[in-house]
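Structure record follows, encoded as structure tokens.
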Protein chains: 2
Amino acid sequence: MTLNRLSVYLRCLRRLQVEGVSRISSNELAQRFHLSSSQIRKDLAAFGEFGIRGVGYEVNALANHLRTLLGLDRTHRVVVLGAGNLGTALSQFPGLQQEAFRIVGLFDISPDKIGKTIGGYLVRPLDQLHQVVVETEARLGILTVPAQVAQESYDLLADAGITAVLNFAPAQIKPRRGTSLRSVDIRVILEELAHHAVSQSLEG
Amino acid sequence: MTLNRLSVYLRCLRRLQVEGVSRISSNELAQRFHLSSSQIRKDLAAFGEFGIRGVGYEVNALANHLRTLLGLDRTHRVVVLGAGNLGTALSQFPGLQQEAFRIVGLFDISPDKIGKTIGGYLVRPLDQLHQVVVETEARLGILTVPAQVAQESYDLLADAGITAVLNFAPAQIKPRRGTSLRSVDIRVILEELAHHAVSQSLEG
DNA sequence: GGGTGTGAAACCTTTCACAGCT
DNA sequence: AGCTGTGAAAGGTTTCACACCC
């Protein structure tokens with residue numbers, strides 16, 4: 001199952017909590033956030049019976065269930081490799097410094113950056129990576145390095161004990177057993193949208 | 001079909017061009033970049049017969065075909081809404097200022113930022129959006145605004161004539177006919193990875 | 001009545017395996 | 001001989017529709 005959707009539901013529920021909504025049906029939830037009601041029910045039912053027939057879902061209870069299911073009831077330590085523009089922007093991303101995530105190390109290879117404080121984080125040299133990962137028990141890594149060094153950077157993270165990596169480098173990384181990999185290539189996404197943009201313009 | 005894969009193939013071909021490879025089979029391509037050879041053949045064959053049976057694919061020719069298919073033979077003007085950390089980082093992202101994309105406007109609502117130059121781009125007020133989009137014929141928009149104003153920002157872009165939007169705000173946007181939407185929620189991706197990280201650690 | 005939980009149906013994607021071309 | 005292009009098979013996901021419970 002696409003675990004991502006549980007995250008999206010949780011984001012929606014957080015919104016409802018702010019608005020003071022205490023109960024909601026799958027249909028209302030779907031309409032309110034442009035989702036599919038049957039998919040919501042299937043997804044949630046796959047992990048237990050969280051709803052009340054004839055009534056709907058209790059917002060607070062469901063949010064807590066999802067938080068537990070997603071493992072957000074603990075703090076996840078994150079290391080970031082690459083203190084360029086994207087790396088520093090992500091380090092300061094709201095939602096990455098609060099709740100379940102905490103950045104415990106920002107690393108770079110450039111002597112110009114090492115030792116400096118960028119966006120509130122001290123930039124460390126790569127040879128401290130292993131030590132930091134062991135000491136902080138970090139499990140998550142973010143890669144914002146140039147494409148040429150993406151593979152070796154991923155391997156460094158894996159060797160240091162990181163078990164899940166989010167890669168922003170535009171490169172095809174060979175994943176290892178034991179260290180999940182999720183890549184986001186902004187260029188690839190934009191190229192898809194460029195295609196849409198052109199088709200749309202022709203239609204209208 | 002997942003148009004994204006054509007982009008990935010193109011990225012791989014660019015790499016091969018740099019390495020001076022002139023011909024490649026679907027099998028080599030798959031092994032080299034950790035893809036599926038039958039999927040490569042299916043994807044490519046869906047748009048024409050680009051390969052030579054018994055030989056493979058001509059790297060340069062195929063790259064050019066893909067560039068045309070993806071609409072990368074023209075320049076796409078892009079406007080960015082939100083001159084925060086992520087917005088400015090993306091404005092300077094390599095690959096967004098070269099080849100087929102060109103940023104023609106960086107917009108923000110904050111009076112502190114308007115008029116200043118951030119990352120080489122003048123920050124403009126939102127009321128200039130429509131004019132800039134019309135004058136530059138921009139079709140692509142990037143949203144790096146806070147979640148609370150994501151919907152209205154998307155609507156502003158759509159009203160201005162933007163036909164494809166890449167949204168980084170952690171909000172569920174209601175798409176309109178005529179303006180495609182692709183959302184990337186870093187929090188959602190990290191939450192999925194957090195789950196993986198925990199499961200992996202238990203296994204090991 | 002109203003809304004969840006769920007088998008079954010419809011749909012879409014990926015992999016397989018091989019005919020057919022070079 | 002070798003590799004593409006492609007129908008057929010397998011696998012997965014989404015939607016439908018309704019039994020069942022509150």
Side-chain angles (χ1 to χ4, degrees), chain A residues 1-10 12-13 16 21-66 69 172 175 180-183 188 192 195-196, chain B residues 1-10 12-13 16 21-66 69 172 175 180-183 188 192 195-196:
Chain A
M1 212 273 294
T2 328
L3 207 61
N4 276 350
R5 283 203 301 267
L6 292 190
S7 268
V8 171
Y9 300 155
L10 178 55
C12 297
L13 291 168
L16 291 172
V21 178
S22 64
R23 274 184 188 163
I24 195 160
S25 71
S26 59
N27 253 304
E28 284 171 71
L29 195 58
Q31 281 195 256
R32 178 83 173 64
F33 297 100
H34 327 108
L35 304 163
S36 141
S37 63
S38 53
Q39 190 159 66
I40 292 171
R41 293 200 301 278
K42 253 257 146 96
D43 287 345
L44 297 179
F47 293 94
E49 297 212 358
F50 300 136
I52 309 153
R53 292 173 196 226
V55 177
Y57 298 89
E58 203 73 37
V59 173
N60 286 332
L62 183 56
N64 288 335
H65 275 301
L66 292 184
L69 280 173
Q172 213 62 21
S180 346
L181 173 66
R182 182 81 151 63
S183 288
V188 166
E192 187 199 354
H195 189 90
H196 284 146
Chain B
M1 212 272 294
T2 327
L3 207 61
N4 276 353
R5 284 202 302 265
L6 293 190
S7 269
V8 171
Y9 300 154
L10 178 56
C12 298
L13 291 169
L16 292 173
V21 178
S22 63
R23 274 186 188 162
I24 194 160
S25 72
S26 60
N27 253 305
E28 284 171 70
L29 197 58
Q31 280 195 256
R32 177 81 174 63
F33 297 102
H34 327 108
L35 303 164
S36 142
S37 65
S38 53
Q39 189 159 68
I40 291 172
R41 291 200 303 277
K42 253 250 149 96
D43 287 345
L44 296 180
F47 293 95
E49 297 213 357
F50 300 137
I52 308 153
R53 292 175 194 222
V55 178
Y57 299 88
E58 203 71 36
V59 173
N60 287 331
L62 184 55
N64 288 334
H65 274 303
L66 291 184
L69 280 173
Q172 213 63 18
S180 347
L181 173 66
R182 183 78 152 61
S183 289
V188 166
E192 187 199 352
H195 189 91
H196 284 146

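Throughout, protein chains are lettered first and strands after them, A, B, ... in sequence-line order, and every chain is numbered starting at 1. Below, all heavy atoms of this structure are taken into account, side chains as well, without hydrogens, waters or symmetry copies.
Taking atom NE2 on A/H65 and atom P on C/dT4, their separation rounds to 15 Å, with Å as the unit. Atom CZ of A/F50 is separated from atom C1' of D/dC22 by 19 Å (rounded to the nearest Å). Separating the CD1 atom of A/I40 from the C1' atom of D/dT15 is a distance of 13 Å, rounded to the nearest angstrom. Taking atom NE2 on A/H34 and atom P on D/dT14, their separation rounds to 19 Å, with Å as the unit. Straight-line distance from the CG atom of B/D43 to the P atom of D/dT4: 13 Å, rounded to whole Å. With rounding to whole Å, A/R41 atom CZ is found 13 Å from C/dG7 atom C1'. Between the CZ atom of A/F47 and the P atom of C/dT4 there is a distance of 18 Å, given to the nearest Å. Taking atom CD on A/E58 and atom P on D/dC22, their separation rounds to 15 Å, with Å as the unit.
Comparing A/I52 and A/Q39 by the nucleotide of DNA chain D that holds the closest heavy atom to each, the one mapping nearer the 5' end is A/Q39. Each of A/S38 and A/G54 lies near DNA chain C, and the nucleotide nearest A/G54 is the one positioned closer to the 5' end.
Evaluation of atom-type donor-acceptor distances gives a pair under 3.5 Å for the side chain of B/K42 against the base of C/dT15.
OP1 or OP2 of C/dT15 sits under 4.0 Å from a side-chain N or O of B/S36. When the side-chain nitrogen and oxygen atoms of B/R5 are compared with OP1 and OP2 of C/dT14, one or more of them lie within a distance under 4.0 Å. Dashed line: the shortest gap from a side-chain N or O of B/Y57 to OP1 or OP2 of D/dG2 is not under 4.0 Å. Side-chain nitrogen and oxygen atoms of B/S26 include at least one within less than 4.0 Å of the OP1 or OP2 phosphate oxygen of D/dT4.
No more than 12 heavy atoms of other residues, nucleotides or ligands lie within 6.0 Å of CZ in A/R23, so this atom counts as exposed by the packing criterion.
Checking C/dC18, D/dC21, C/dC21 against every side-chain atom of A/R53, the shortest atom distance belongs to D/dC21.
In this structure, the side chain of B/S25 engages the main chain of B/E28 through a donor-acceptor pair within 3.5 Å. Side-chain N or O atoms of A/H195 include none that pairs as donor or acceptor with a backbone N or O of B/N4 at under 3.5 Å.
Counting all heavy atoms, side chain and backbone alike, B/S37 lies closest to B/S26 at CB-O, 3.6 Å.
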Would you sort out whether B/V8 and B/F33 count as a side-chain contact (heavy atoms from CB on, under 4.5 Å), showing the intermediate values?
CA-CA 10 Å; B/V8 171; B/F33 297 102; over 6 Å; no
